[in-house]
There are 2 protein chains.
Amino acid sequence: MSRKREDLLVHAEKLFYEHGFHAIGLKAIVQDAGVALMTLYNHFDSKEDLILEILNRREKMYFSMLKDAVRKEEGSIEHKLVSGHIQWLKTSASNGCMFLRAKEEFSSIPDHPLVKSVYSHKEKMIQFFESNEMSRTAAVQLALLLEGSTSLAETLNVQEIEKTLYAMVENIKNS
Amino acid sequence: MSRKREDLLVHAEKLFYEHGFHAIGLKAIVQDAGVALMTLYNHFDSKEDLILEILNRREKMYFSMLKDAVRKEEGSIEHKLVSGHIQWLKTSASNGCMFLRAKEEFSSIPDHPLVKSVYSHKEKMIQFFESNEMSRTAAVQLALLLEGSTSLAETLNVQEIEKTLYAMVENIKNS
DNA sequence: AATTAGATATAACGATCACTCTATTAATCT
DNA sequence: AGATTAATAGAGTGATCGTTATATCTAATT
C-alpha cells in the first residue's frame, strides 16, 4: 500500500466528514494531504471512487471497534455493543453517521453505488447484532438506540448520552 | 406574503432536503420554483438567509405536528409524542433530520448562524418534552428514541420502526 | 392615466468544480 | 548505472457556483 494513497484516504475522510461530500473539493483534499492532484487520480478513478473506498475503510474500523468491545468488555452482549459504540462516538463520530450523510447527499440517484453501499452497511450492522445471539427484534431495538445516540451526540454532551444509553439498553429483551 | 416567495420556500426546501445544501444551486431552485433568479434575491439576502428561513418554517411545522398529536391522540404523553413524530417521519422526513444535516454541512464554522439555529432547535425540542410533564431524564430518553427512529427510517421500512418505537417508549419512566 | 413596485431575461463577475493532458522531476528496482 | 515507475507542477477543459448589475416589462396602486 502506497504512503501517498494512505495520506489521501486519511485527509479526505477528515475533510469529507467535516464539510460534506459535495462541499469539499478535490483541490482542498490534495492540499491537505500534501500531494499533487494527479497523484489522487493515479490512485482513484474519481471523487466517487475515493468516497466509496473511504466508506469501506470506515466500516471496517467501526466493526473492529465493536468486535473489540465484545471481546474485552464485561456484561450482556447489548452492554458490550453499547460500550463499543460509545467509544466510536467519542473518537470518530461527533458529526453524525458518515454513512447516512453519504446516503442523504446522493439519495436522489437511488441506484448510485454510494447509496447502495450505505443500505448494505446498515443491513450488515443489524446482521452483526443477530450473529451475536440477539433476536431480530432486539437487534432492531439496539440499532435504534445506537443511531439515536449518534444523532443526539451532535448537539448534546456525550456523558449525558452515555448515561441515557446504558439505562435504556437494559430494557432490551431477547424475546 | 408574496406568492412567489412562498413558491421559492417550498421548492427550495424540497431540493435542499433531497440533495443537501451545498449540492444544490440557486439556479436549480429558481427553475424548479418557476421564478427568476433576481426574484429570489429580491426576497432573500443570500442562500444562507434562504436556508435559515426554511429551517424556521420547518421547525414550526414539526412542533405543530407534535402539538396536534398531543391534542388528538390517546394514551400517555410519550405515546402521543411518538405518534406525532411517526407522522412526521411518514410525511416529511424520509431522508434524515434536516436540522442535523444543516449542522453537519456547516459545523466547520462553529459560530455560523445556521449551526447555532440547529443547536437552538434541539434544545427547544427537549424543553418542549419537559414542558409536557416529563422529567429531564425522560425527555432525553424520548429524544434519543425519536432521533434513532429518524435515522433508522432512512434504510429500514417505517412499519418495523413504528412497531419498535411504540414498544420501546413504554420503558420510559418519569423518575 | 401616471406612478410605483414586482418580476422578468440576460449578461457578467471572479471563483471554484471534477477532470485531463503534458512535460519534468524524484524515487525505486534490477 | 540504467530502466521503470511514481509523483510533481501547471495549464487547460467546459461547467457551475453565489452574487450583482442592467434594462425591459407587467401588475398593482394612486
Side-chain angles (χ1 to χ4, degrees), chain A residues 1-55 98 101-102 104-109 111-115 117, chain B residues 1-55 98 101-102 104-109 111-115 117:
Chain A
M1 172 80 66
S2 164
R3 175 65 200 273
K4 299 276 177 184
R5 185 185 158 92
E6 183 72 16
D7 289 346
L8 276 169
L9 286 166
V10 169
H11 288 86
E13 177 177 355
K14 184 191 66 175
L15 290 178
F16 281 138
Y17 190 63
E18 282 174 359
H19 298 85
F21 300 101
H22 287 87
I24 205 75
L26 297 181
K27 202 170 186 176
I29 290 173
V30 296
Q31 280 174 358
D32 200 56
V35 302
L37 177 62
M38 278 312 296
T39 304
L40 190 154
Y41 278 101
N42 187 25
H43 287 291
F44 305 95
D45 290 342
S46 62
K47 187 181 186 181
E48 173 186 320
D49 183 45
L50 173 62
I51 298 175
L52 259 172
E53 192 134 340
I54 288 172
L55 289 186
M98 197 180 193
R101 291 178 61 189
E104 288 154 2
E105 282 201 43
F106 295 93
S107 60
S108 53
I109 310 145
D111 289 336
H112 196 292
L114 277 171
V115 177
S117 158
Chain B
M1 172 80 66
S2 164
R3 175 65 198 274
K4 299 277 177 183
R5 184 186 159 93
E6 184 70 18
D7 289 347
L8 276 169
L9 285 166
V10 169
H11 288 86
E13 176 177 356
K14 184 192 67 179
L15 290 177
F16 281 138
Y17 190 62
E18 281 175 359
H19 299 85
F21 301 100
H22 286 88
I24 206 74
L26 297 181
K27 202 171 185 176
I29 289 174
V30 295
Q31 280 175 357
D32 200 55
V35 303
L37 177 60
M38 280 312 295
T39 304
L40 191 154
Y41 278 101
N42 187 24
H43 287 290
F44 306 96
D45 291 342
S46 61
K47 186 180 187 181
E48 174 186 321
D49 182 44
L50 173 62
I51 298 175
L52 260 171
E53 191 134 338
I54 288 172
L55 291 185
M98 197 179 193
R101 289 178 62 189
E104 287 154 3
E105 282 201 44
F106 295 94
S107 61
S108 53
I109 310 146
D111 289 335
H112 196 292
L114 277 172
V115 177
S117 158

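Of the possible polar contacts, one joining the A/E105 side chain to the A/H22 backbone as a donor-acceptor pair under 3.5 Å is found.
Between B/Y41 atom OH and D/dG18 atom C1' the separation is 4 Å, expressed in whole Å. Distance CZ (A/R3) to P (C/dT28): 12 Å, rounded to an integer number of Å. Following rounding to the nearest Å, A/K4 (NZ) and D/dT8 (C1') show an atom-to-atom distance of 9 Å. Between A/F44 atom CZ and C/dA18 atom P the separation is 15 Å, expressed in whole Å. Between the CG atom of B/L40 and the P atom of D/dG18 there is a distance of 10 Å, given to the nearest Å. Atom pair B/D45:CG and D/dG18:P shows a separation of 16 Å (rounding to whole Å applied). Counting to the nearest Å, the C1' atom of C/dA18 and the CD atom of A/E48 are 12 Å from each other. Atoms NZ (A/K27) and P (D/dC17) sit 19 Å apart, rounded to a whole Å.
For the side chain to side chain donor-acceptor pair (under 3.5 Å) criterion with B/D7, the lone passing option out of B/R3, B/R5, B/H11 is B/R3. Paired with B/F21 under the rule side-chain contact (heavy atoms from CB on, under 4.5 Å), one option of B/E104, B/E48, B/M98 passes, and it is B/M98.
Taking the side chain as every heavy atom from C-beta outward, B/I29 and B/L26 approach each other to under 4.5 Å. Considering only heavy atoms from C-beta on, B/V30 stays 4.5 Å or farther from B/T39 through its side chain.
A distance of 3.5 Å separates CG in A/D32 from NZ in A/K14, rounded to the nearest 0.5 Å. The line from NE2 of A/H43 to CD of A/E6 is 11.0 Å long, rounded to the nearest 0.5 Å.
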*Please, what dot-bracket string fits DNA chain D when only Watson-Crick and G-U pairs with both distances under 3.5 Å count, crossing ones use [ ] and pairs to another strand use |?*
|||||||||||||||||.||||||.|||||
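Side-chain proximity of B/M38 to D/dC17, D/dT20, C/dA7: nearest is D/dT20.
Between B/H43 and C/dA7 there is a side-chain N or O to OP1 or OP2 distance below 4.0 Å. Of the side-chain N and O atoms in A/T39, none sit less than 4.0 angstrom from OP1 or OP2 of D/dA6. Here B/N42 does not reach the OP1 or OP2 of C/dG6: none of its side-chain N or O atoms lies under 4.0 Å away.
Each of B/L37 and B/S2 was assigned the nucleotide of DNA chain C with the nearest heavy atom; the assignment lying further toward the 5' end belongs to B/S2.
A/H22 comes within 4.0 angstrom of nothing in the nucleic acid, heavy atoms only. Heavy atoms of A/L50 sit nowhere under 4.0 angstrom from any nucleic acid atom.
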